[in-house]
Each structure stands twice: as structure tokens, then as C-alpha cells.
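Worksheet: one structure, shown below.
No experiment lies behind these values; they were computed from the predicted model shown. Below, all heavy atoms of this structure are taken into account, side chains as well, without hydrogens, waters or symmetry copies.
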Amino acid sequence: MSTLSVRLPNSVHDAVKDYASDDNISINQFIASAVMEKITALDTEKYLKEKASKGSKEKFKAVLGKVPDTEPDESDKFNS
């Protein structure tokens with residue numbers, strides 16, 4: 001495990017302290033969870049961009065072309 005010294009504005013530190021206390025966890029645990037949440041979001045974005053770059057508009061349209069052109073069930077309609 002590594003040690004990292006981070007300078008935070010007092011307002012951010014106070015908020016972290018309050019949220020960590022509300023969850024009955026340490027400030028370290030709260031910050032580690034927040035950092036992991038951000039890493040997960042960035043990894044997900046990267047994954048989706050990689051998948052999208054391999055996509056094909058033609059193949060997408062071909063698949064959509066197989067969908068029957070019918071009215072949706074009443075329960076699936078938007079009520080505006």
C-alpha cells in the first residue's frame with residue numbers, strides 16, 4: 001500500500017470528513033472509494049470508445065432493417 005499526501009481546500013476536506021462519518025468509514029476509505037469510482041468511470045468510457053470504434057454503421061442499419069415495422073404495445077408507448 002502506498003502513502004499519498006494530497007492538499008485539499010478546507011471545504012472539500014470538511015465535506016469528505018462529514019460523508020465519511022455518515023458512512024462510518026475512515027477518510028482514507030472514503031477517498032480510496034472515490035478514486036476507484038472515478039477510475040471505473042474512466043475505464044468504462046475507454047471500453048465503450050474502443051467498442052464504438054469497431055462499430056459499423058452499415059451493420060447497424062442491417063440489423064435495424066430486420067426489426068419489423070409495427071406499432072409498439074400500449075404499455076411501451078410514450079405518453080406526451
Side-chain angles (χ1 to χ4, degrees):
M1 192 167 303
S2 303
T3 300
L4 178 66
S5 177
V6 179
R7 297 188 188 284
L8 299 173
N10 289 337
S11 59
V12 174
H13 183 258
D14 291 341
V16 168
K17 196 176 354 177
D18 290 343
Y19 281 114
S21 176
D22 290 347
D23 285 347
N24 295 315
I25 59 174
S26 69
I27 290 173
N28 284 345
Q29 286 175 303
F30 181 88
I31 292 172
S33 294
V35 169
M36 196 61 233
E37 185 176 322
K38 181 65 176 184
I39 289 170
T40 301
L42 293 171
D43 283 349
T44 300
E45 182 181 11
K46 180 180 175 183
Y47 169 81
L48 292 174
K49 282 182 179 178
E50 287 173 3
K51 285 291 194 182
S53 72
K54 296 175 184 174
S56 161
K57 190 179 276 189
E58 292 76 26
K59 288 180 182 178
F60 176 71
K61 287 182 178 181
V63 170
L64 279 183
K66 295 178 182 180
V67 177
D69 188 15
T70 59
E71 285 290 315
D73 291 339
E74 279 302 314
S75 61
D76 288 335
K77 289 184 179 180
F78 288 113
N79 296 323
S80 9

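- Residues passing the side chain to side chain contact (heavy atoms under 4.5 Å, CB included) test with Leu42, sequence neighbours excluded: Lys38, Glu45.
- Other cluster members for Phe60: Leu64, joined by side-chain heavy-atom distances under 4.5 Å among Ile, Leu, Val, Met, Phe, Trp and Tyr.
- In terms of hydrophobic clustering, with Ile, Leu, Val, Met, Phe, Trp and Tyr side chains grouped at heavy-atom distances under 4.5 Å, Ile25 and Val6 are assigned to a common cluster.
- What you find for Ser26 and Ala20 is that their closest heavy atoms are O-CB, 3.8 Å.
- When the side chain to side chain contact (heavy atoms under 4.5 Å, CB included) test is applied to Ser21, no partner is found at least two apart in sequence or on another chain.
- Every residue two or more places apart in sequence or in another chain that forms a side chain to side chain contact (heavy atoms under 4.5 Å, CB included) with Val12 is listed here: Leu8, Pro9, Val16.
- Sorted by first then second residue, the side-chain hydrogen bond (donor to acceptor under 3.5 Å, both in side chains) pairs that include residues 56-76, not counting sequence neighbours, are Ser56-Glu58, Glu74-Lys77.
- Listed by first and then second residue, the side-chain hydrogen bond (donor to acceptor under 3.5 Å, both in side chains) pairs involving residues 2-19 amount to none (not counting sequence neighbours).
- The CG atom of Asp23 lies 8.5 Å from the OG atom of Ser33; values are rounded to the nearest 0.5 Å.
- Not counting sequence neighbours, the partners of Glu50 by the side chain to side chain contact (heavy atoms under 4.5 Å, CB included) test are Lys46.
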